[in-house]
Amino acid sequence: MDAIKAFYRDQAQHLRQEVWEVARQIGEHPELGYKEYFASEVLGNFLKKHNFEVTLGIAGVDTAFLARFTGTLPGPKIAFLAEYDALPEVGHGCGHNLIGAASAGAAVILSKSMDLPGEIIVVGSPAEETSGAKVTLVEEGIFEDVDAAIMFHPGSQNVPVISSLALDALEFTFHGRAAHAVAASHFGINALDAVINFFVGINSLKKQIPHDMKINGVITEGGTVPNIIPERAVARFYLRARKRKELDELREQVIRCAEGAAAMVSAKMTWQKFEFSYDEMHTNLVLADCFTKNLRELGIQHIAPPQTAMGSVDMGNVSRAVPAIHPYLTLGTGTEIPHTKDFAQAAISSEGEKLLMRAMQILAFTGSDVLRDKKLLLQIKKEFRLTK
């Protein structure tokens, strides 16, 4: 380990209890997406204490924030992504309390260097579990001048290279005509029948699409009482595919299916997106390789091969804008199941503290490499241009 990383390792030890207190407080006060006022304040106050310039409420999102620290030398600009939203009735069952604290901790570790080149920012990004504020932050230009974006996620294995599925969240509303279900049924147009036809059509479509495309839906409105023909019925669907282009084609197939289902009963159909669309995650392999080397630098040898997450992450949208990584690191024994209370408990246990310490060191080491190694940054940017 060179002298610079040894210095950062020592800084991590010095900050350990303070950063863990941030993670613990957020973990014990779970907040849902766009309501993370406590978490954003705790993270913001921690960064302000360490001389970061913090702006709350960026991009029109109350609980998003941007923290900046400029080094003493010219250089690139890197972003650490902080997440801190929880799950309903579960709490931090995805360990976002650790994600936010690790990113803030890594940024502070780097800021302690007297010869820091470039600029460090921490981007507080709410609501990953729901509509994904990173989509808004990308669209509002928060990452326009960023050279690399880095974060980590707790998981069951150490996985530096991941891909994820692109996601569209679509709501279909079927409009019919109400009538007495017995005395005047011939005057009605049954919107619920249209929805049922739609699901029958979707089930047929599922048999024709590749196995890595996913269509999952529920009926959210289907009428009020049995003796009135439903004049309105609503279904919501998540559509997923490995590539945005493939998902765009799947979306058109599903819309045509909905149109046909409505026409069968003379109903009308409208649709809209009820959550932001996520792009697939493009892991920058040069940056991921740097992260992997830093894992080994800390003596971590159990490293899993590249994996495709069968879910979707809003970091995918960031990865289309700048070179980015979204690696997983093992929480505890790796046996806790995400999105459960057991996982949430592990994230505020001694195992969570160990992972936090490991994560913020590796993030800081990787950030330092990007800031200080011009050749590495050129390779990162070259790959990004070729794969964009």
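Computed over heavy atoms, backbone and side chain alike; hydrogens, waters and symmetry mates excluded.
For the side chain to side chain contact (heavy atoms under 4.5 Å, CB included) test with Leu287, the passing option among Val161, Ile325, Thr292 is Ile325; the others fail. With Phe80 as reference, Leu110 is the one residue of Val123, Thr366, Leu110 to meet the side chain to side chain contact (heavy atoms under 4.5 Å, CB included) rule.
To the nearest 0.5 Å, the span separating CG on Leu371 from CD1 on Ile78 amounts to 4.0 Å. Note: Asp212 CG to Lys243 NZ = 10.5 Å, rounded to the nearest 0.5 Å. Taking CZ of Phe38 as the start and NE2 of His29 as the end, the distance is 4.5 Å to the nearest 0.5 Å.
Residues Leu167 and Arg244 come closest through the heavy atom pair O-NH2, 3.3 Å. Taking both residues in full, the closest heavy atoms of Asp115 and Arg372 are given as OD1-NH2, 3.2 Å, listed atom of the first, atom of the second, then distance. Between Val195 and Val234, the shortest heavy-atom contact is CG2-N, 4.3 Å. Pairing each heavy atom of Phe52 with each of Ile120, the nearest pair is CE2-O, 4.3 Å. When every heavy atom of Val61 is checked against every heavy atom of Thr136, the shortest pair comes out as CG2-CG2, 4.2 Å. Of all non-hydrogen atoms in Gly100 and Ala82, the two that sit nearest each other are CA-CB, 3.8 Å.
Through direct or relayed side-chain contacts under 4.5 Å between Ile, Leu, Val, Met, Phe, Trp and Tyr, Val225 connects to Ile228.
Between His96 and His153, the two ring planes are perpendicular [angle over 60°; tilted spans 30° to 60°].
Asn97 contributes no side-chain N or O that, together with a main-chain N or O of Ile26, makes up a donor-acceptor pair within less than 3.5 Å. With Asn158 contributing its side chain and His302 its backbone, the two residues share a donor-acceptor pair below 3.5 Å. Not one N or O on the side chain of Glu171 forms a donor-acceptor pair closer than 3.5 Å with the backbone of Phe274. The closest donor-acceptor contact from the side chain of Ser319 to the backbone of Thr283 lies at 3.5 Å or more, if one exists at all. Asp314 contributes no side-chain N or O that, together with a main-chain N or O of Glu128, makes up a donor-acceptor pair within less than 3.5 Å.
Note on Asp248 versus Arg251: salt bridge recorded, some NZ/NE/NH1/NH2 to OD/OE distance being below 4.0 Å. Looking at Asp369 and Lys375, no side-chain N of the basic residue comes within less than 4.0 Å of a carboxylate O on the acidic one, giving no salt bridge. Under 4.0 Å is where a charged nitrogen must lie from a carboxylate oxygen, and between Arg320 and Glu280 at least one such pair does. Using a 4.0 Å cut-off between charged side-chain N and carboxylate O, Arg24 and Glu21 make a salt bridge.
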Test side-chain contact (heavy atoms from CB on, under 4.5 Å) on Val19 and Val108; report intermediate values, then the result.
CA-CA 10 Å; Val19 181; Val108 170; over 6 Å; no
Can Glu351 and Lys354 be said to form a salt bridge (Lys or Arg N to Asp or Glu O under 4.0 Å), step by step?
CA-CA 5 Å; Glu351 293 299 332; Lys354 291 176 185 176; 3.6 Å; yes
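Aromatic pair Phe198/Phe237: ring centres closer than 6.0 Å.
For NE2 of His14, the number of neighbouring non-hydrogen atoms (other residues, nucleotides, ligands) closer than 6.0 Å is 12 at most. The 12-atom threshold is exceeded at CD of Gln208, counting heavy atoms of other residues, nucleotides or ligands nearer than 6.0 Å. Counting heavy atoms of neighbouring residues, nucleotides and ligands inside a 6.0 Å radius, atom NZ of Lys35 does not exceed 12 of them. Heavy-atom neighbours of Glu53 CD from other residues, nucleotides or ligands within 6.0 Å: at or below the threshold of 12. Around atom NZ of Lys5, more than 12 heavy atoms belonging to other residues, nucleotides or ligands sit under 6.0 Å away.
The shortest side-chain heavy-atom distance between Phe343 and Val90 does not fall under the 4.5 Å cut-off. Side chains of Pro230 and Asn190 form a contact here, defined as non-hydrogen atoms less than 4.5 Å apart. Contact annotation: the side chain of Glu353 never approaches that of Leu356 to less than 4.5 Å [non-hydrogen atoms, C-beta and beyond]. In this structure the side chain of Phe365 reaches within 4.5 angstrom of the side chain of Arg9, judged on heavy atoms. For the pair Leu295 and Leu329, the minimum side-chain heavy-atom distance is below 4.5 Å. Side-chain contact between Gln301 and Arg296 is present, with at least one heavy-atom pair separated by less than 4.5 Å. Between Arg68 and Lys77 the shortest side-chain heavy-atom distance falls below 4.5 Å. Contact check for Phe69 versus Leu116: side-chain heavy atoms found under the 4.5 Å cut-off.
Residues Tyr34 and Ser131 bring a donor and an acceptor atom of their side chains to less than 3.5 Å of each other. Side-chain contact of Gln11 with Gln361: a donor-acceptor pair under 3.5 Å is absent, judged by distance alone.
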